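This is a predicted model, so every value here is computed, not measured. Throughout, protein chains are lettered first and strands after them, A, B, ... in sequence-line order, and every chain is numbered starting at 1.
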Protein chains: 2
Amino acid sequence: MKKSLKKKVKLMKYLDIANEINQRITDRVYEEQLPSEAQLMEEFSSGRNTIRSAISLLANHGIIRRHQGSGYFVNQDLFETGRNITMLTNKNSLNTNQPDKQIKSKVINFTSRLTTPKEDQIFGCQKKSPVYEVHRLRYIVEDNAFLSFEKAVFLKELIPYLDETIAQNSIFRFIKKQYDIEVLHSDDFLSVGLADEEFAEKTGQAVGSPYLLVKEINFTKKNKVFNYSHSYYSPDREYYYHLANTLK
Amino acid sequence: MKKSLKKKVKLMKYLDIANEINQRITDRVYEEQLPSEAQLMEEFSSGRNTIRSAISLLANHGIIRRHQGSGYFVNQDLFETGRNITMLTNKNSLNTNQPDKQIKSKVINFTSRLTTPKEDQIFGCQKKSPVYEVHRLRYIVEDNAFLSFEKAVFLKELIPYLDETIAQNSIFRFIKKQYDIEVLHSDDFLSVGLADEEFAEKTGQAVGSPYLLVKEINFTKKNKVFNYSHSYYSPDREYYYHLANTLK
DNA sequence: ATACATTTGTGCGTATGTATG
DNA sequence: GCATACATACGCACAAATGTA
């Protein structure tokens, strides 16, 4: 009786709002300061906490800064480095709209195999579970610059199908569309190293040139590890992280 | 009349709670799973939102993981790398209780000077404002291992006093105690490079060895830049970041 | 210097949705 | 089907920082 008609409550409003605000920032609709919470509540017909959740998401990605008493502001790159910057903070919760987000991939290895014991532990899966292993070179479309060499492993139990064509584009986008799986959170372990001959040949980098190695584990919304990867990033670029030490 | 007696409302309960939970995790009071929200509400005599704020803070630092329907869990290092890991995610909002947090510093340069035009922009200060510049070598106390070479600049307008003795210990701890200034958030720009002869001589690293360069800008609670630094991290270690793609 | 309005931050309560076991 | 646990959303009150009159 009491729930006779479906109310069709749309959840995840805060995510939609965060995406919309993010889009407006890229579109320069908001160039410096955002509207106040009250105005956003009005515009999006939402409660204050919902607006604040959206704002938190953006603030934690380093997209905006909060200033008690005065408002929300678009974050700027104060170093104004000459080098191109790649955001490592935004996997796919926010729509991909960062400037250099256009990346093309060249698949140099695509195999199916079974997990090693170490991988069983990473994935939390049965021994010798089937996985895909993909090796790709990644380039920035805009200027054709080498971005990274990536070795990624996907658990078939969660990602039943992948192929080389998919790997040439965005695997994560495919996974989201096909299986509704996206990255909830990631653990990143960074280190540095030097290109040996094999690496140099594969990537076109000079022998002895340094790389940034990012070992990453990606979790789904259900806290399952569906992928881990080793990415060797170019020394010609800068990589951005934002650290938020407070946030409701 | 209405506010005749001071209620002494202790604010920042969520921060206290986050610190307490964090401490319990280091002390192995919580080894795998945390108590439920309801239990935490009970124990800390707090509302649900307050508990969730504390939990969010820990989750965004990668200290715990949230699992809808089952609970909160202590995050584990699934790669189980042999190398020592330095958390870059925790400046000072949470009490310093990570395993290898004991760091000692050797000051190799301590000067007072005026800002360059570029620094005026970074700090958002008047032209030629006075700053301290500190160069330090940092070592892990436990095994005496080289951690980093750091060049840090502090704005005197916000940090009126520093000296070499302070710099030998934790500058941030001093700043918090003395001026009640702590890092609200930071922008980090990462890149890699190779040790030249000058760098090698200063740090004891081999010429040509790679380093991880972290250029960091630190903001106070009032959104003022009080410090920026260039830190050249050792290739013998791993550095941890956590990326949260959702969070209220 | 004071008072006031505005804006974000913190905290509590409640209801409902969704995932887990 | 059910209880439990976390996620989302709305509402309200007051604190603290800011800007302005």
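Distance N49(A) CG to dA13(D) C1': 13 Å, rounded to the nearest Å. In this structure, the CE atom of M12(A) is 13 Å from the C1' atom of dA19(C), given to the nearest Å. Taking atom CG on L40(B) and atom P on dT4(D), their separation rounds to 17 Å, with Å as the unit. In this structure, CG of D180(B) is placed 13 Å from P of dA16(D), rounded to the nearest angstrom. dA16(D) atom C1' lies 15 Å from atom CG of N223(B), rounded to whole Å. Look at CD on Q39(B): it is 10 Å from C1' on dA5(D), rounded to the nearest Å. Taking atom CD1 of residue I181(B) and atom P of nucleotide dA17(D), one finds them 13 Å apart after rounding to whole Å. The CG-P distance, from L184(A) to dA7(D), rounds to 9 Å in whole Å.
The side chain of Q68(B) has dC6(D) as its nearest neighbour among dA17(D), dC6(D), dC12(C). Nearest to the side-chain atoms of K221(B) among the listed nucleotides dT8(C), dT18(C), dA17(D) stands dA17(D). The side chain of R66(A) sits closest to dG9(C) out of dG9(C), dA19(C), dA5(D). Among dA19(C), dG9(C), dC12(C), the nucleotide with an atom closest to any side-chain atom of R52(A) is dG9(C).
Note on G69(B): a base of the nucleic acid sits closer than 4.0 angstrom, heavy atoms only.
For the side-chain contact (heavy atoms from CB on, under 4.5 Å) criterion with H185(A), the lone passing option out of N223(A), I217(A), T220(A), N218(A) is N223(A).
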* Determine, step by step, whether R113(A) and V153(A) satisfy the side chain to side chain contact (heavy atoms under 4.5 Å, CB included) criterion, reporting the C-alpha distance in whole Å, the side-chain angles of both residues, the deciding distance to 0.1 Å, and the verdict. => CA-CA 10 Å; R113(A) 59 173 178 81; V153(A) 177; 3.7 Å; yes

* **I175(A) vs I166(A), side chain to side chain contact (heavy atoms under 4.5 Å, CB included): CA-CA, chis, key distance, verdict** => CA-CA 10 Å; I175(A) 286 173; I166(A) 295 164; over 6 Å; no

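Taking a cutoff of 4.0 Å between a charged side-chain nitrogen and a carboxylate oxygen, R24(A) and E31(A) do not qualify as a salt bridge. Using a cutoff of 4.0 Å between basic side-chain nitrogens and carboxylate oxygens, E150(A) and R138(A) are scored as salt-bridged. A salt bridge is absent between E133(B) and K151(B); no separation between the charged side-chain nitrogens and carboxylate oxygens falls under 4.0 Å.
Closest-nucleotide positions on DNA chain D for K224(B) and I51(A) were compared, and the one nearer the 5' end corresponds to I51(A). Mapping H67(A) and R48(B) onto DNA chain C by nearest heavy atom places H67(A) closer to the 5' end of the strand. Taking the nucleotide of DNA chain D with the nearest heavy atom to each of E37(B) and S46(A), the more 5' of the two is matched to E37(B).
Taking side-chain N and O atoms only, K13(A) has a distance below 4.0 Å to OP1 or OP2 of dC10(D). Side-chain N/O atoms of S70(A) include none lying less than 4.0 angstrom from OP1 or OP2 on dT6(C). Contact annotation: S53(B) does not reach the phosphate of dT10(C) (side-chain N/O to OP1 or OP2, under 4.0 Å). Listed pair Y72(A) / dG9(C) meets the phosphate criterion, a side-chain N or O lying under 4.0 Å from OP1 or OP2.
Under the Watson-Crick and G-U wobble criteria, each requiring two contacts below 3.5 Å, nucleotide dA1(C) is left unpaired.
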